[in-house]
Amino acid sequence: ICKKSAGQGNARPRLNSCFVSGLKQNRNDRGSYLSRMEFGKKLSRRGFVELKRQLKQAFRMAGLQRHHIAPMRMCCERNILAALGHARKRYIGRILCYHTVGQSEWGVNDVTPRQFRRQLERALGAGFNFVPASEIVRTGGGPKDLAITFDDGLKSVLTHAAPILTDLGLPVSEWSDGRHQFSDDFVLSWRDIETLLGTGADMGSHSATHPQFNHISVNQMVDELAGSRELFNKRLGFMPATFAIPFGQSGNWTEDARKLAREAGYSTIYAQAEETRPTDTVARTFVTKYDGDFIFDALLKGKFDSWEEWF
């Protein structure tokens with residue numbers, strides 16, 4: 001199933017014995033335009049929760065840890081949702097979130113250059129328009145508006161993603177930069193970032209060290225939020241107004257973090273799914289390595305608007 005979904009064929013993949021976690025009902029949705037259709041209309045939430053519990057127990061008995069099963073779970077979830085999830089009626093634009101393009105070390109968050117180009121061409125062929133993420137944040141955009149963002153500030157956004165965007169005549173959108181413990185051969189250097197800014201790209205913060213905000217102290221939150229803006233100002237001469245939550249899940253963003261981010265000067269906070277995002281955040285739809293044509297089409301239809309990447 002994983003091999004089929006990662007390919008570029010149009011055939012609907014057959015679903016093997018997979019499982020999917022219960023999906024959260026959105027309680028923070030402030031827009032009347034968003035659908036609230038429950039995934040449980042086609043799949044028994046209770047049944048899958050029980051199956052999830054039993055599988056966890058089986059994995060523990062087999063000595064498998066969380067990082068062993070996360071990719072398998074993600075592959076299964078995305079195929080099941082693409083096949084059986086509900087499409088949502090769309091009234092506003094959608095912001096896509098990528099990470100790397102051709103850096104396989106980034107695992108499930110890496111798409112190949114060929115896959116990236118095909119997805120963009122497929123969206124264009126379906127009548128979508130690509131606009132800067134800031135336009136969707138500011139106006140909401142139209143139902144056929146798409147924007148592209150990248151998290152983690154990795155090298156391939158310059159070496160692979162930007163040339164493809166330019167070749168297709170699409171706007172270079174927003175990169176969220178978070179410092180990682182890797183060499184400049186793997187992540188964007190400050191000179192690389194200057195090059196991207198020169199193409200018209202926007203740059204936002206992704207924190208100073210990419211922590212899980214629900215696991216750190218208030219003092220460290222201040223360092224991660226305000227310290228990141230100060231570093232940008234020192235190296236690039238400006239303070240970014242946008243911030244992408246590291247990991248992005250609803251549980252990663254606390255009330256303290258929300259208040260401190262506003263106090264630090266951020267006006268836009270990017271999260272994950274439409275229907276699970278924290279209050280006062282902007283949703284983005286994550287794209288993964290498993291997203292061939294079948295899954296990517298479902299993604300554009302809103303079938304993943306309650307799905308959060310899980311680790």
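None of these values were measured; they are calculated from a predicted model.
In this pair, Phe186 and Trp106 present their aromatic rings tilted. The plane angle is within the 30 to 60° band.
In this structure, Asp291 does not pair ionically with Arg118, as no charged nitrogen and carboxylate oxygen lie closer than 4.0 Å. Of the charged side-chain nitrogens involved, none lies within less than 4.0 Å of a carboxylate oxygen, so that Arg235 and Glu230 do not count as a salt-bridged pair. Arg94 has no carboxylate O lying under 4.0 Å from a charged side-chain N of Asp145, or vice versa, which leaves the two without a salt bridge.
Not one N or O on the side chain of Tyr266 forms a donor-acceptor pair closer than 3.5 Å with the backbone of Ala244. Between the side chain of Glu77 and the main chain of Met72, no donor-acceptor pair closer than 3.5 Å is present.
Remark: of the listed residues Leu96, Asp151, Ile136, Asp151 is the sole one forming a side-chain contact (heavy atoms from CB on, under 4.5 Å) with Arg284.
Under 3.5 Å, the side chains of His206 and Asp152 contain a donor-acceptor pair of N or O atoms. No hydrogens or angles considered: nothing links the side chains of Asp192 and Thr195 as a donor-acceptor pair under 3.5 Å.
Judged by the 6.0 Å distance and 45° axis criteria, Arg78 is positioned over the aromatic ring of Trp307.
Not less than 6.0 angstrom separates the ring centroid of Phe243 from the ring centroid of Tyr270.
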Q. Please walk me through it: do Leu260 and Glu255 pass side chain to side chain contact (heavy atoms under 4.5 Å, CB included)?
A. CA-CA 9 Å; Leu260 290 170; Glu255 181 62 18; over 6 Å; no
Q: For side chain to side chain contact (heavy atoms under 4.5 Å, CB included), just list the numbers for Ile245 and Ile269, CA-CA rounded to whole Å, side-chain angles, deciding distance to a tenth of an Å, and then say yes or no.
A: CA-CA 7 Å; Ile245 302 169; Ile269 308 296; 3.7 Å; yes
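Around atom NZ of Lys301, no more than 12 heavy atoms belonging to other residues, nucleotides or ligands sit under 6.0 Å away.
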